[in-house]
Amino acid sequence: MRVQEFLKSCQREHKAVLATNFYNFETLTAVLRAASAVGAPVMLQLTRSSIDYLGLKEAVGMARQGLADYGLEGWVHLDHGDSAELAAQCLDAGFDSVMIDGSERPLEENIALTQRVVEMARPYGANVEAELGYVAKLGQTQGGGFTTPEDAARFVAATGVDALAVAVGSAHGFYKQPPKLDIERLKAIRAATDVVLVLHGSSGIPHPMVQEAIANGIAKVNLATEIKDTFMRALKQRLADSDEIDLRKVFPKAVAPVVALLEEKYRMTGSATR
């Protein structure tokens, strides 16, 4: 099934796919093990920095082989693509879905950039996600710049984008104060456009709040920060307690806590089948 069709089915059924970033073999393994344990579909996400670290062909190869090895339904997605050129490279490499993030540009520039990527992706049958509004990135001030229903409707009509990440109170990274999603705004956006809606920055948001967002149109929930944090905390603890130098023995100890985290997150989104 194509990403577009799957996401629309999620939206109709008031559930969401958990879109998980991976950074190395161990975090990929954690995602696959967790999804296999609960019977969930997988969306594997890579950012530019992860692609630069792993290598484009190597990263895609790892993801594809992992999905095959675990017998999972899944897709590979470019997260926060910052240029049409990077999106093109990922499409050529076999990505099923790409995000073009022009959210920090003026609206007209964001529309033009997204239009370009949507046109590029059509021959591949690939899903295209964009972002509208201010979802604070790491190091940025949190709050403000929410997506309006009017801008969302205009943006989707002008670009033909398949999925839209909206700013309704979430932020990337750790929250400096308790997060609060604007569900009424989300309802209004959902009423204004039939596009698939995406929640970025889910790390640290209480599960009932995420589930309320899913009930009101969110069909893709991104998770990154908690994966990195859980892995690194477990790894640091292991290193502090041991003189072991064989990384093949040390790294796997940090995988199990990430698996446990992700099993809970898959159940939160409603995508777990067991």
Side-chain angles (χ1 to χ4, degrees), residues 7 10-11 13-23 27 30-31 34-35 38 40-45 47 77 79-80 99 101 103-104 129-149 152 163-190 195-234 257-272:
L7 291 176
C10 286
Q11 195 172 44
E13 297 168 16
H14 301 292
K15 60 184 182 181
V17 67
L18 183 69
T20 50
N21 288 56
F22 73 94
Y23 309 91
T27 48
V31 171
V38 301
V42 178
M43 183 167 283
L44 298 169
Q45 300 198 143
T47 60
H77 172 77
D79 187 29
H80 287 287
M99 179 192 181
D101 184 1
S103 60
E104 296 185 5
E129 176 184 330
E131 185 172 308
L132 183 64
Y134 179 74
V135 182
K137 296 179 175 62
L138 289 171
Q140 293 181 332
T141 302
Q142 297 177 3
F146 285 5
T147 308
T148 68
L164 185 65
V166 290
V168 291
S170 62
H172 298 94
F174 294 108
Y175 287 92
K176 299 173 182 177
Q177 54 191 0
K180 181 173 175 55
L181 299 182
D182 189 341
I183 299 299
E184 292 305 313
R185 180 181 297 272
L186 179 60
K187 289 179 181 178
I189 294 170
R190 179 75 178 101
V195 75
V196 164
L197 300 177
V198 181
L199 180 68
H200 283 217
S202 75
S203 293
I205 300 179
H207 289 192
M209 195 179 294
V210 175
Q211 290 169 330
E212 189 176 5
I214 292 170
N216 287 282
I218 293 294
K220 176 175 177 279
V221 175
N222 282 22
L223 185 73
T225 298
E226 280 188 274
I227 294 173
K228 289 186 290 188
D229 182 57
T230 301
F231 181 82
M232 289 304 300
R233 284 179 183 273
V258 182
V259 173
L261 166 77
L262 290 170
E263 287 181 4
E264 291 183 8
K265 297 293 184 178
Y266 281 120
R267 293 189 178 99
M268 172 192 72
T269 64
S271 63

Closest heavy-atom contact between [X] and [Y]?
X: V196; Y: A219; result: CG1-CB, 3.9 Å
X: P206; Y: P179; result: CD-CG, 4.1 Å
X: L197; Y: G217; result: CB-O, 3.5 Å
X: A16; Y: I218; result: CB-O, 3.9 Å
X: L223; Y: S203; result: CD1-OG, 3.4 Å
X: A213; Y: L181; result: CB-CD1, 4.0 Å

[X] side chain vs [Y] backbone, donor-acceptor pair below 3.5 Å:
X: S271; Y: A40; value: no
X: Q211; Y: M268; value: yes
X: T269; Y: Y266; value: yes
X: E226; Y: L261; value: no
X: S202; Y: V221; value: no

Counterpart residues, side-chain hydrogen bond (donor to acceptor under 3.5 Å, both in side chains), relative to [X] (two or more places apart):
X: H207; answer: K265
X: T20; answer: none
X: T27; answer: N24
X: T148; answer: D151

(request) Evaluate side-chain hydrogen bond (donor to acceptor under 3.5 Å, both in side chains) for E129 paired with H80, printing each intermediate quantity in order. (result) CA-CA 9 Å; E129 176 184 330; H80 287 287; over 6 Å; no
[X] vs [Y] side-chain heavy atoms within contact, under 4.5 Å:
X: L132; Y: V166; value: no
X: M43; Y: L18; value: no
X: R185; Y: F146; value: yes

(message) R267 vs E264, test: salt bridge (Lys or Arg N to Asp or Glu O under 4.0 Å). Steps then yes/no.
(response) CA-CA 5 Å; R267 293 189 178 99; E264 291 183 8; over 6 Å; no
(request) Please lay out, stage by stage, how V198 and N222 fare under the test side-chain contact (heavy atoms from CB on, under 4.5 Å). (result) CA-CA 8 Å; V198 181; N222 282 22; 3.9 Å; yes
Measure the spacing between [atom1] of [X] and [atom2] of [Y] and express it to the nearest 0.5 Å.
X: H14; Y: N216; atom1: NE2; atom2: CG; result: 8.5 Å
X: Y23; Y: I227; atom1: OH; atom2: CD1; result: 6.0 Å
X: D79; Y: H77; atom1: CG; atom2: NE2; result: 5.0 Å

(request) Go through the structure and list residues passing salt bridge (charged side-chain N to carboxylate O under 4.0 Å, His left out) with E212, not counting sequence neighbours. (result) none
(request) Using salt bridge (charged side-chain N to carboxylate O under 4.0 Å, His left out) as the criterion, list what pairs up with K180, not counting sequence neighbours. (result)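 Testing K180 for salt bridge (charged side-chain N to carboxylate O under 4.0 Å, His left out), a comparison that skips the adjacent residues, returns none.
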